[in-house]
Student: 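This is the structure I want to talk about, given as structure tokens.
Just so it is clear: chains get the letters A, B, ... in the order the sequence lines come, proteins before strands, and each one is counted from 1.
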Amino acid sequence: MEKESNFAEWYIEAIDRAGIVDRRYPVKGMNVWMPYGLRLMRLINGFMRDEMARTGHEEVQFPVLVPEDQFQKEADHIKGFGANVYWVTHGGLNPLDVRLLLRPTSEAAMYSLYSLWIRAHTDLPLRLYQIAPVFRYETRQTRTFIRVRELSFFFESHTAHENFDGAEEQIREDLEIWEHLARKYALPALFNKRPDWDKFAGAHYTVGVDAYVAAPGRAMQVASIHQYRDNFARVYDVTFEDRRGERQYAHQTTYGISERVLGAEVAIHGDDRGLILPPEIAPIQVVVIPILAKGAKGRILAEARAFEGEIADKVRTELDVREMRPGAKFYEWERKGVPLRVELGLDEIEGDHVTLVRRDGTRRRKVSRADAPKRIQAMLDRIQRDLYRKAERELREGIHTIDAYGDAPPKGIIRAGWCGKESCGLAMEDKLNRGMLGTPYFGEEFRGRCLECGDATDTVAYAANSY
RNA sequence: GGGGCCGUAGGGUAGCUUGGUCAUCCUUCCAGCUUCGGGAGCUGGAGACUCCAGUUCAAAUCUGGGCGGCCCCA
């Protein structure tokens, strides 16, 4: 299993061997979440819920089915999603008068209710989110977690504000939320304002949150944020009475994240032995493996149980008492990405210590039995930080600033001047053989020339192949 | 949208060109014994030719179609 030489195959194999999803479900692009994978996603989603709670959003749950007439209201939106929706055309044997579709995203489902819920400026801002499945009939090749037909865990936050600035403020908060999540997920990323030709269907503008997968040298969008202005409010009639008693359209934003995050975890942190999970999202943070020896089985087991019991209230643990040789267990837990392993056998008992092994390293270290619980927590914190830093370094080193096409390396993210003209941007995409990620949302100091036309510009653009 | 390729056990595969004995090997799974500091061993057992039709004495193998999957180009 070699990540560097054959990334695509490695990725699939790493997922299969970790037991996250079963890909054999007989519908293309739809996977079955197995217990370990579900625990992982619940931890990942838990941090989104924490962030939503911290920032005062509330959770809701809308139906999966959307009536066709609701969906048809926003022209650009249909253009973007029309070819990718699953239709429900019959109720039993009878054709439906109004066809229903499985939501590919929930604007159409939610905004008809938003127009009822929002009456006056006192109802704003309205900030709701849900984590629920959405369906997209993808015609391109599907890829587990990255491009699927059923997104099992689609986080989507939909906010409504009194005016454009209110929505802008929301977007800044969304990006700050990502910074928090990024620490938990160990997924540093760039915030790129997408070029107009690549924005979300119906949006005023889109910000992509782009992580970087070093092995294939490709970007991976792990979150998207959209400024709708009043585009959707006008078609779904989301209006309110302002302070002066005048009717106004609400300004809206959305924030979307999915199990792609898990795809990024696998792709970015994994190695030839399998997954490496950041401790924050690891269903099992510490696995305790007793090394049984003839004649001392009972004693070793009792000791391992006692030790696990001591740390179990502080970290998520698993005591592996199965009838397997230790080596086989090591490999298995490594495949599953468990960040820290404790080995406990006769050696440890006699020396009054335990042996700790980090998943993201190879060194074994002996730690005194008394200090071990505290040391374990410190090591988990350390692993979390180290994984973030490693990904951050890979991202930084993956960016190549160039001022001539000839300088573009075969892999990685390109950073270059862009005058902002669409014709130049498209030409750059073509000649770089990369998609435009866009321009940094918060801007960057830059003085240079447009890579295509040579005009002086103070704007940089990023381009990369992406997932 | 256009073109190409492929469906053999839970996973990975050989066999297919040139039809012919009990469909190969690895892994996995089950039972027992045994072993336990990096994928142990022994014995026994379980498990597959994508579906339909055709050609033929005989089809995993040839032909056609369905279904499913993969890749490349636009």
Student: Sticking with atom P, work out how far B/A23 lies from B/G68, rounded to a whole angstrom.
Tutor: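 Straight-line distance between the two P atoms is 31 Å.
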Student: How would you label the contact of A/Asp16 with the nucleic acid (heavy atoms, under 4.0 Å): base, sugar-phosphate, or nothing?
Tutor: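 If one applies the 4.0 Å heavy-atom cut-off, A/Asp16 turns out to touch nothing in the nucleic acid.
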Student: For the base of B/G38, is there a side-chain donor-acceptor partner from A/Arg364 under 3.5 Å away?
Tutor: yes
Student: B/C36 phosphate, OP1 or OP2: any side-chain N/O from A/Lys294 under 4.0 angstrom?
Tutor: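 No, outside the criterion.
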Student: Could you measure between the two C1' atoms, the one in B/U24 and the one in B/G32, and give it in whole Å?
Tutor: 28 Å
Student: Roughly how many Å apart are B/A14 and B/G7, using the C1' atom of each and rounding to a whole number?
Tutor: 16 Å
Student: If pairing requires Watson-Crick or G-U wobble contacts with both distances under 3.5 Å, which nucleotide is the partner of B/G1?
Tutor: B/C73
Student: Are A/Arg183 and A/Tyr388 in a cation-pi setup, meaning NZ or CZ lies under 6.0 angstrom from the ring centre and within 45 degrees of the ring axis?
Tutor: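 Verdict for A/Tyr388: a cation-pi partner in A/Arg183.
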Student: Just how far, in rounded Å, is P of B/U35 from NZ of A/Lys297?
Tutor: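 Going from A/Lys297 (NZ) to B/U35 (P), I get 9 Å.
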Student: Find the partner of B/U24: check Watson-Crick (N1-N3 plus N6-O4 or O6-N4) and G-U wobble (N1-O2, O6-N3) distances, both under 3.5 Å, and reply none if neither fits.
Tutor: none
Student: Please state the P separation for the pair B/U17 and B/U21 - nearest whole angstrom.
Tutor: 13 Å
Student: For the pair made of CD in A/Glu348 and C1' in B/G37, what is the distance, rounded to whole Å?
Tutor: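 So the CD-C1' distance, A/Glu348 to B/G37, works out to 8 Å.
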Student: Please give the distance between the P atoms of B/G19 and B/C26 as a whole number of Å.
Tutor: 29 Å
Student: If we take the C1' atom in both B/U61 and B/C71, what is their distance in whole Å?
Tutor: 25 Å
Student: Kindly compute the distance separating NZ (A/Lys73) from OG (A/Ser112), expressed to the nearest 0.5 Å.
Tutor: 7.0 Å
Student: Answer with base, sugar-phosphate or nothing: what part of the nucleic acid does A/Arg23 contact at a heavy-atom distance below 4.0 Å?
Tutor: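 If one applies the 4.0 Å heavy-atom cut-off, A/Arg23 turns out to touch nothing in the nucleic acid.
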Student: Counting only Watson-Crick pairs (N1-N3 plus N6-O4 or O6-N4) and G-U wobbles (N1-O2, O6-N3), all under 3.5 Å, who is the partner of B/A14?
Tutor: none
Student: Considering Watson-Crick and G-U wobble pairs with both distances under 3.5 Å, what does B/C33 pair with?
Tutor: B/G41
Student: Kindly indicate whether a cation-pi arrangement holds for A/Arg149 with A/Tyr137, taking the cut-offs as under 6.0 Å to the six-membered ring centre and within 45° of the axis.
Tutor: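 The answer is yes, since A/Arg149 meets both limits relative to A/Tyr137.
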Student: Distance check: side-chain N/O of A/Arg325 vs OP1/OP2 of B/U35, anything under 4.0 Å?
Tutor: no
Student: Name the pairing partner of B/G68, where a pair is Watson-Crick or G-U wobble with both distances under 3.5 Å, or state none.
Tutor: B/C6
Student: Is the gap between the ring centers of A/Tyr36 and A/Trp333 under 6.0 Å?
Tutor: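 No; A/Trp333 has its ring centre 6.0 Å or more from that of A/Tyr36.
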Student: A cation-pi test, strictly: NZ or CZ of A/Arg218 under 6.0 Å from the centre of the six-membered ring of A/Phe7 and no more than 45 degrees from its axis. Yes or no?
Tutor: no
Student: Indicate the ring-plane relationship of A/Phe71 and A/Trp87, choosing parallel, tilted or perpendicular according to the 30° and 60° boundaries.
Tutor: perpendicular
Student: Are A/Arg341 and A/Phe330 in a cation-pi contact, defined as NZ or CZ under 6.0 Å from the six-membered ring centre and within 45° of the axis?
Tutor: yes
Student: A/Arg322 has an atom CZ; how far is it from atom P of B/C36, in whole Å?
Tutor: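 Taking atom P of B/C36 as the reference, CZ of A/Arg322 is at 19 Å.
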Student: Could you identify the nucleotide paired to B/C62, looking across every strand shown and requiring Watson-Crick or G-U wobble geometry with both distances under 3.5 Å?
Tutor: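 Here B/C62 is engaged in a pair, and the nucleotide opposite it is B/G54.
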Student: Let me know the distance between CD of A/Glu9 and P of B/G12, rounded to the nearest Å.
Tutor: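 Rounding to the nearest Å, CD of A/Glu9 and P of B/G12 are 11 Å apart.
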Student: Does the base of B/G38 carry an N or O that pairs as donor and acceptor with the side chain of A/Glu334 under 3.5 Å?
Tutor: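 Between B/G38 and A/Glu334, which were checked side chain against base, a qualifying N/O pair under 3.5 Å is present.
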Student: Holding to side chain to side chain contact (heavy atoms under 4.5 Å, CB included), I want the full list of residues that pass it with A/Leu426, two or more places apart in sequence or in another chain.
Tutor: A/Trp197, A/Glu422, A/Glu429
Student: Rounded to whole angstrom units, what separation is found between the CG atom of A/Leu344 and the P atom of B/G37?
Tutor: 15 Å
Student: Would you classify A/Arg341 as touching base, sugar-phosphate or nothing, given that sugar-phosphate means primed atoms plus P, OP1 and OP2, and contacts are heavy atoms under 4.0 Å?
Tutor: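 A/Arg341: base contact, heavy atoms under 4.0 Å.
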Student: Between A/Tyr331 and A/Glu323, name the one whose nearest nucleotide on RNA chain B is closer to the 5' end.
Tutor: A/Glu323
Student: Measure CD/A/Glu350 against P/B/G37 and give the value in whole Å, please.
Tutor: 16 Å
Student: In whole Å, measure the gap between the P atoms of B/A9 and B/G15 for me.
Tutor: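 Their P atoms lie roughly 15 Å apart.
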Student: Determine the interatomic distance between C1' on B/A74 and the same-named atom on B/U63; round to the nearest Å.
Tutor: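 Pairwise C1' distance, B/A74 against B/U63, rounds to 33 Å.
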Student: To the nearest Å, how far apart are A/Phe330 CZ and B/G37 P?
Tutor: 8 Å
Student: N/O contacts under 3.5 Å, protein versus nucleotides 67-73 of chain B?
Tutor:
unit_1	atom_1	unit_2	atom_2	d
B/C70	OP2	A/Lys28	NZ	2.8
B/C71	OP1	A/Gln141	OE1	2.8
B/C71	OP1	A/Gln141	NE2	2.0
B/C71	OP2	A/Gln141	OE1	3.2
B/C71	OP2	A/Gln141	NE2	3.0

Student: Between A/His226 and A/Thr206, do the side chains contain a donor N or O and an acceptor N or O under 3.5 Å apart?
Tutor: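 Looking only at side-chain atoms, A/His226 and A/Thr206 do form a donor-acceptor pair, the distance falling under 3.5 Å.
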Student: Would you mind reading off the distance between A/Tyr25 atom OH and B/G11 atom P, rounded to a whole angstrom?
Tutor: 17 Å
